[in-house]
Amino acid sequence: MVSATNLDGDYSFHGKNTPLDQFEGVKIHLYRLGTEQRELDALKSSACADQGSPSLLDTIILSQWENKSREGQLAYDVTACKLKVIEGERDFVIQMNDKWNSFLLNEYGKFSHPFGCSKLSSTKNCGELLLCIEEGEKNEPEVVPLTTPPNGGVMLIANAYPVEYGHIFLVPNPTNRLSPFWDKKMFGLITKIASEVNSAAFRVFFDGTSIVPNHTDFQACYFASPLPVESASTVPVYDMKTRSGVRVYETVDYPLKALVFCSNNAKALVNVVSEACLTLRENNTAHSLMISNNGRNVFLFPQVKSLVTGCYLSAWECCGYFVYHAKVDFDRACEAEISSRMASFSPEDGAFEDLKDLCCAIADDLDTCACAE
Amino acid sequence: MESSGATAAAEEERGLAASLTARYSAWVAEELDELGGSFLLTDPAMPGHPIVYASRGLPALTGYPRRAVLGRNARLFQGAATDRAAVAGLREAVRAQRAHQVAILNYRRDGSPHWVLLHVAPVFHAADGRVLHFLAVQVPIVSAATARRDACRGPAVFAACREEARVEEELPCAATHAGEVFVDIDKRGLEAEEPRVASGCDKEKALSTASSIFSALNRYSKLTGLVVCGKRCDSVGIPALSSSLNLSLGRIKQSFVLTDRHLPDMPIVYASDAFLSLTGYSREEILGCNCRFLTGPDTSVEVLEEINRHICSEQACTVRLLNYRKDGSTFRDLLQVSPIRNASGKVAFHVWVHLDESARCDFNGLAPEIWQLGAVGAVRVAVRSLSASGSLLRPAQ
């Protein structure tokens, strides 16, 4: 661990000038998103908007995560884990990590209860809590230090078993959850957060691969280099000059079939991807998502269950990033083996064609609605 | 909305022009316009590694008006049948910041493919060895049949180029342009021809054009007092960081330096702008130095020893001590020192985040110590970036 042993109370997350309120309930920082960001959507498409310093939200997430790491809240220092690029057509990235544990957030148990209730009254139980984010009403974003997390917020929780630096869970307050499977409002908020972080390294994952309800949690991580799927070639599936401005592509020459949704119009992008995911869920089709490019690109990976293992790929595995537990496997990993493993989760051509048709129809429908408005 | 869009576009254009004029004075464009052939200059320090200059010979070869390519990544010249291996070779050369020549299939604006010999070379800042620009010269390679038919005519027109398209994939801001890339690729035909081989004559043309460009840039850079050259001169004797790492570090606003753990006496290999304004030193003065130049008679020796102990045990520490600016004045320094591991999991650097405790700053409700950790986190992410060879340092030539 990197964490220092000499950090005393003065350097704790709460800071010496803001003593922890002994009041019952959790007190954490609340970040309220500004409303102006939506209107900036179009402007952000120009390259110059991406220049400049890290955003406030980016800095807060990184500082809180680093602080948790120093406090010893994480199971290991992920930056001490070796990364390797398997050079080839895809440049898959693999990590050697014998401590990683893929348990899901629900297995924490404690986080499946509404925040603010007595279950979380002790700060000892929320050691990994970083921040709460909610929609704001002011133009500018604002930070409210040490407050009770609101019901409509998203909790950012450090994953004690990170797959890369800054690995967090983004968990909606359970009392606010409208659907056990997919909530468009939540997805919209997550996309806004991705945009607000405004870091090319920040990527958000979603695994819609579990049949158990309540596994609707998003995760996010910082990857300094693009993930392999982001470098894959693509061809347009739907590229009409539509009012909503959502373009849909499919990957070519990538072992796992994937659709890529791109738009500078965050609302339209959220609408199209939400409809697609809801339909997939209704058809019991497992799928994973990855949001990149500050919330402007969404990768959708429909999956079929592996007949061998009975499981699915995680969202980052779909993107070409794999964690190995055993050194011998790590050393032996090769592109052919990874490609064929990924391909075994790829849907049949017919099913994928249907999905493409569906996505085009959804984009068309929403566009018609947009024009009618 | 539209007017703000236009303003943003105008601002972007000014930013691109400034990339040239800040280094080589306002007159360099005219001189470059006089040069024959087709070439580009790109700025690796700007997000997306955009084209900042396109020569007058460019439209004739590629069909793109000069303005149409400014601000875009040179990948726009690539197409469906462009050889991946050739692109990978270019990418590696740009990453390693060395010159590279390769025959590559490019695409004109109308989608028609054509073979060119591409010559890419870095332009170095003479004083600190940073790469300021890449230049890319393109010489059209005619097919053997056309060459025979045209043998009696004059020399082929120089062709302009695309270039470090692949750089974008390495840069942290890469994803920004992913959407555009998707569109470009499939509209192009797949009518790839047999690979062509550049003749010795083509290679010489590319070299001589590159050398004229270097000579113009060098001449005009002297006007701004900056001076560029085609060969790296590491005057401070430390290896420079890769341009993508430099770009990522450059975004971080806190006051910090990065020291190389593997070089003798742990010299500074990067210093942030905020650190320079805090201490009053210039970058040239401190690159290559050990951090002890900040200390003075009233700096606590015990605290310095504590820092050393933590460095030796690869642990992070937070200390308060009295440090000295260049002008001799002192400041209460809240200092965080953290080991930074690279993609292979080994400690490669230490980051030293400094904060003048007397300065009134808004940390948005965070404790100053936590605010500083944001810089540590951002440095950790940047240093974890991957390259094919796994090195973040520019290899020695």
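Any value given below was found using the heavy atoms of this structure, including those in side chains, with hydrogens, waters and symmetry copies removed. Below, chain A is the first sequence line, B the second, and so on; all start at residue 1.
Considering CG of Asn67(A) and CG of Leu373(B), their distance stands at 5.5 Å, rounded to 0.5 Å. To the nearest 0.5 Å, the span separating CD on Gln78(B) from OG on Ser233(A) amounts to 9.5 Å. For the atom pair OH of Tyr165(A) and CZ of Arg341(B), the computed distance is 12.5 Å after rounding to the nearest 0.5 Å. Atom CD of Gln372(B) is separated from atom OG1 of Thr59(A) by 12.5 Å, given to the nearest 0.5 angstrom.
Between Val381(B) and Leu62(A) there is a side-chain heavy-atom pair separated by less than 4.5 Å. Between Arg70(A) and Val376(B), some side-chain heavy-atom pair lies under the 4.5 Å cut-off.
The contact between Gln254(B) and chain A is made entirely by side chain atoms (from C-beta outward), counting heavy-atom distances below 4.5 Å. Contact annotation for Glu164(A): only side-chain heavy atoms (C-beta onward) come within less than 4.5 Å of a heavy atom of chain B. Of the atoms belonging to Val93(A), it is side-chain heavy atoms, and not backbone ones, that fall under 4.5 Å from chain B.
Surrounding NZ of Lys82(A) are at most 12 heavy atoms belonging to other residues, nucleotides or ligands under 6.0 Å away.
Listed options Val252(A), Val78(A), Leu227(A) were ranked by heavy-atom pairs under 4.5 angstrom with chain B; first place goes to Val78(A). Annotation: maximal heavy-atom pairing with chain A below 4.5 Å, among Gly345(B), Ser313(B), Ala378(B), occurs at Gly345(B).
Legend: residues meeting ring pair (Phe, Tyr, Trp, His ring centres under 6.0 Å) with Phe261(A), ordered by chain and number and at least two apart, are absent. With sequence neighbours left out, the ring pair (Phe, Tyr, Trp, His ring centres under 6.0 Å) criterion links Phe256(B) to Tyr270(B).
The two residues Glu89(A) and Arg84(B) make their nearest non-hydrogen contact at O-NH2, 2.6 Å. Between Pro54(A) and Arg251(B), the shortest heavy-atom distance links the atoms CD-O, 2.7 Å.
A donor-acceptor pair under 3.5 Å is formed between the side chain of Arg384(B) and the backbone N or O of Thr79(A).
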